[in-house]
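Comments concern the structure below.
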Amino acid sequence: MIVRIKAFARFREIIGSENTLDLDEGTPVLGALKNLSAGSKDFRDACFDREGTIASHVVLMINGKRISGRDRESMVLHDGDELAIFPPVAGG
Amino acid sequence: MLSCDELERYHRQIMLFGEAGQEKLKSARVVIAGAGGLGCPVATYLAVAGVGHLRIIDHDTVDRSNLNRQILHWDMDTGRAKTESAGKKLQAINPDIEIEEARVRINEETAPGLVRDTDAIVDAMDNYPTRYLLNHLACKFGIPLFHGAIRGFDGQVTTIIPGRTACLSCIFPKAPPKEIFPVIGVTAGIIGLIQANEVIKYLLGTGELLENRLLIWDGLHSILEEINVERDQSCIECSQLQSDPMEKVK
Ligand SMILES: [Zn+2]
């Protein structure tokens with residue numbers, strides 16, 4: 001299945017604005033982001049915490065709808081889905 | 001009543017929203033939390049627009065490394081309190097408004113007294129713990145919070161109306177890690193001016209605010225995008241809020 005990754009801010013600097021991933025049917029959000037990490041240490045460092053879970057501050061959306069809570073990593077992606085990843089910025 | 005000087009000073013914008021609109025700006029009290037990258041452009045443009053009372057909060061002094069973006073602080077100001085440096089320039093830009101310099105650190109003790117008597121809180125901070133504190137008080141007192149944040153060429157901005165829109169904790173339940181962030185002054189200018197524009201519209205009661213809309217600016221590609229956000233029914237700060245403070249005012 002094909003999943004589009006829409007990256008914002010720092011994530012966009014690292015992997016570009018739009019990526020498509022060819023993933024196995026039933027791949028969860030975590031799997032898709034691990035897939036991106038495999039190709040980029042910078043992405044892994046920005047997206048994951050030391051324990052290997054998706055950093056808690058990273059905002060995730062599937063098809064424009066926010067996903068949150070503890071189970072967001074295990075939410076299953078479907079063919080044609082767009083997974084958006086946004087790291088809030090903090091400076092002023 | 002507007003003076004002759006004021007009618008002349010604000011002529012071009014009175015053409016937009018009338019003397020009644022200008023009176024609304026004049027009678028408004030706005031607190032700007034932070035006199036840094038965001039606070040400088042926000043304060044400058046609210047001052048020239050004639051917002052009657054600006055309270056500028058910052059405990060810091062001007063450092064040479066601030067000067068690439070904090071446009072109210074000039075080379076001669078290094079070492080001076082940011083509130084004093086900003087206050088002097090703002091008063092010179094517009095002598096008809098009141099500038100209040102609050103050189104204090106924003107914490108749980110000081111913050112309530114700094115924000116509770118104001119019409120709008122501008123988040124021009126550089127860290128999330130203080131932002132969450134401002135958000136907490138905005139929700140508690142029913143005062144709108146104008147959020148902005150920047151990093152590098154990237155920025156984000158939204159308007160929080162407690163009880164009606166997602167609050168900061170709904171949108172960002174967890175703070176990003178602390179860092180010494182890279183930044184270019186134009187990013188602070190762009191995001192700060194969107195915040196100032198929101199404040200002005202809110203005070204005038206005109207246009208459409210960034211309610212439940214997080215605007216995301218990508219300066220490297222010159223792209224402005226929008227993410228829809230919504231209230232979190234279990235939010236620790238705002239889930240109890242039912243009433244709409246803007247309705248109460250009307
Ligand atoms: Zn909330």
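Bear in mind the structure is a predicted one, so any value in this text is a computation, not a measurement. Each chain gets a letter, A, B and so on, in the order its sequence line appears, and its residues count up from 1.
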Can you tell me which portion of B:I150 sits under 4.5 Å from chain A's heavy atoms? Options are side chain, backbone, both or neither. both
To the nearest 0.5 angstrom, please state how far the CD1 atom of B:I190 sits from the CG atom of B:L215. 11.5 Å
If you look at every heavy atom in A:L77 and A:P28, which pair is closest and at what distance? CD1-O, 4.0 Å
Inter-chain donor/acceptor N,O pairs below 3.5 Å: chain A to chain B:
residue: A:K6; atom: NZ; partner: B:E225; partner atom: OE2; Å: 2.6
residue: A:R12; atom: NH1; partner: B:D218; partner atom: OD2; Å: 2.6
residue: A:R12; atom: NH2; partner: B:E225; partner atom: OE1; Å: 2.9
residue: A:K65; atom: NZ; partner: B:E230; partner atom: OE2; Å: 3.1
residue: A:R66; atom: NH1; partner: B:I171; partner atom: O; Å: 3.2
residue: A:R66; atom: NH2; partner: B:I171; partner atom: O; Å: 2.5
residue: A:V89; atom: N; partner: B:Q156; partner atom: OE1; Å: 3.1
residue: A:V89; atom: O; partner: B:Y128; partner atom: OH; Å: 2.8
residue: A:V89; atom: O; partner: B:Q156; partner atom: NE2; Å: 3.4
residue: A:A90; atom: O; partner: B:R131; partner atom: NH1; Å: 2.7
residue: A:A90; atom: O; partner: B:R131; partner atom: NH2; Å: 3.4
residue: A:G91; atom: N; partner: B:I150; partner atom: O; Å: 2.9
residue: A:G91; atom: O; partner: B:R131; partner atom: NH2; Å: 3.2
residue: A:G91; atom: O; partner: B:I150; partner atom: N; Å: 2.8
residue: A:G92; atom: O; partner: B:G37; partner atom: N; Å: 3.0
residue: A:G92; atom: O; partner: B:L38; partner atom: N; Å: 2.9

If contact means a heavy atom pair closer than 4.5 Å, which residues of residues 85-92 of chain A contact chain B? A:F86, A:P88, A:V89, A:A90, A:G91, A:G92
Tell me, side chain or backbone of B:A175 under 4.5 Å from chain A's heavy atoms, or both, or neither? backbone
Quick check for you: to the nearest 0.5 Å, what is the distance between B:L209 atom CG and B:I161 atom CD1? 5.5 Å
For the residue pair B:L72 and B:A43, what are the closest heavy atoms and their distance? CD1-CB, 4.3 Å
Heavy-atom closest contact (B:G192 atom, B:L38 atom, distance): N-CD2, 3.7 Å
Would you say A:D24 has more than 12 foreign heavy atoms packed within less than 6.0 Å of its CG? no
Answer key: most heavy-atom pairs under 4.5 Å with chain A among B:G155, B:G219, B:P182, B:P177 is B:P177
Rounded to the nearest 0.5 Å, how far apart are CD1 of B:I57 and CG of B:L114? 4.0 Å
Correct closest heavy-atom pair for A:S37 and A:F43 would be OG-CD2, 3.6 Å
Quick one: CD1 on B:I121 to CG on B:L145, what's the gap to the nearest 0.5 Å? 6.0 Å
Please round to the nearest 0.5 Å and tell me the distance separating atom CG of A:L33 and atom CD1 of A:I54. 4.5 Å
Does any heavy atom of chain A fall under 4.5 Å from the side chain of B:I223, the backbone, both, or neither of them? side chain
Heavy-atom closest pair, residues B:L90 and B:A47: CD2-CB, 3.9 Å
With a 4.5 angstrom heavy-atom cut-off, could you sort out which part of B:L214 is near chain A: side chain, backbone, both or neither? side chain
Minimum heavy-atom distance B:A33-B:L134, with the two atoms named: CB-CD1, 3.7 Å
